[in-house]
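Notes to accompany the following structure.
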Amino acid sequence: MKIILDTNIIIDHLRNIPQATKQLQEVEDGNYTGLISVITVDSNIAKAAGNLLAKYRASHGLEPMDALIAATAQVNKAVLFTLNKKRFRFIEGLVVINPYLAV
């Protein structure tokens, strides 16, 4: 399974939070294909992020950085792992999981 790791999980790993380190270990072990969103985006992600902002910024307050993260997940057909599911829950078709709560 492809996953996008939101920044909050990377930060938690740097803070030695075991649940975050476990997620990175899952990627290292090959159980997930791990991706992260970066500010340098290709045109497909840029267009997808623009579409998300046009659709959700006014109605749901979607921020540009969150749009880039969601677009990266959508374009790569990946699941978004984040601790802040509420920032993304309204985006149609986006699978969002808090990996700390997943069984």
Side-chain angles (χ1 to χ4, degrees):
M1 171 171 55
K2 283 187 195 175
I3 62 168
I4 300 290
L5 292 164
D6 197 355
T7 310
N8 50 33
I9 295 171
I10 305 299
I11 291 169
D12 274 1
H13 167 69
L14 296 173
R15 292 180 176 159
N16 295 315
I17 305 296
Q19 297 97 323
T21 302
K22 179 181 182 291
Q23 297 310 311
L24 292 174
Q25 189 63 52
E26 292 284 342
V27 172
E28 182 69 23
D29 292 345
N31 297 322
Y32 300 130
T33 301
L35 305 167
I36 57 172
S37 179
V38 296
I39 197 63
T40 305
V41 296
D42 67 22
S43 61
N44 290 332
I45 293 172
K47 288 176 189 173
N51 290 336
L52 290 173
L53 284 170
K55 186 171 184 177
Y56 297 113
R57 188 161 196 184
S59 62
H60 293 86
L62 182 65
E63 295 292 330
M65 293 305 296
D66 290 339
L68 285 171
I69 292 166
T72 301
Q74 288 181 327
V75 168
N76 287 285
K77 296 179 175 58
V79 174
L80 174 58
F81 277 21
T82 183
L83 305 182
N84 296 312
K85 288 177 62 175
K86 67 180 180 179
R87 291 187 345 218
F88 302 97
R89 67 177 172 225
F90 51 83
I91 298 175
E92 295 173 36
L94 182 65
V95 178
V96 183
I97 294 174
N98 178 334
Y100 297 2
L101 301 176
V103 178

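Here the structure is a predicted model, which means the values were calculated and not measured.
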Can you spot which of Leu5, Ile4, Leu80, Val27 makes a side-chain contact (heavy atoms from CB on, under 4.5 Å) with Leu35? Ile4

Under the side chain to side chain donor-acceptor pair (under 3.5 Å) rule, collect the residues that match up with Asn51, sequence neighbours excluded. none

Which pairs count as salt bridge (Lys or Arg N to Asp or Glu O under 4.0 Å) when at least one residue sits in residues 8-18, sequence neighbours excluded? none

For residues 39-50, pull every pair meeting salt bridge (Lys or Arg N to Asp or Glu O under 4.0 Å), keeping only residues two or more places apart or in separate chains. none

Test of understanding: with side chain to side chain contact (heavy atoms under 4.5 Å, CB included), list the residues that count as partners of [X], not counting sequence neighbours.
X     : result
Pro18 : none
Glu28 : Gln25
Ser37 : Leu68, Ile69, Thr72
Asn8  : Asp6, Thr82, Leu83, Asn84

If hydrophobic clusters are built from ILVMFWY residues whose side chains come within less than 4.5 Å, do Leu24 and Ile11 share one? no

Same cluster for Ile9 and Ile36 if Ile/Leu/Val/Met/Phe/Trp/Tyr side chains link at under 4.5 Å? yes

Are Val79 and Met1 side-chain neighbours, meaning at least one heavy-atom pair lies under 4.5 Å? yes

Closest approach of Ala49 to Ala71 (non-hydrogen atoms, all atoms of both residues): N-CB, 3.5 Å

Looking only at heavy atoms, which two atoms of Arg57 and Leu62 are closest? And how far apart? CG-O, 3.3 Å

Rounded distance (nearest 0.5 Å) linking atom CD of Gln74 with atom CG of Asn44: 12.0 Å

Show every donor-acceptor pair shorter than 3.5 Å between a side-chain atom in residues 88-98 and any protein atom, with sequence neighbours excluded, or say none if there are none.
from	atom 1	to	atom 2	distance (Å)
Glu92	OE2	Lys55	NZ	3.2
Asn98	OD1	Tyr100	N	2.9

Keeping to residues at least two apart or across chains, list the ring pair (Phe, Tyr, Trp, His ring centres under 6.0 Å) pairs with something in residues 10-45. Tyr32-Phe81

Using the test salt bridge (Lys or Arg N to Asp or Glu O under 4.0 Å), find all partners of Glu63 that sit at least two apart in sequence or belong to another chain. none

For Lys2, check salt bridge (Lys or Arg N to Asp or Glu O under 4.0 Å) against everything at least two apart and list the hits. none

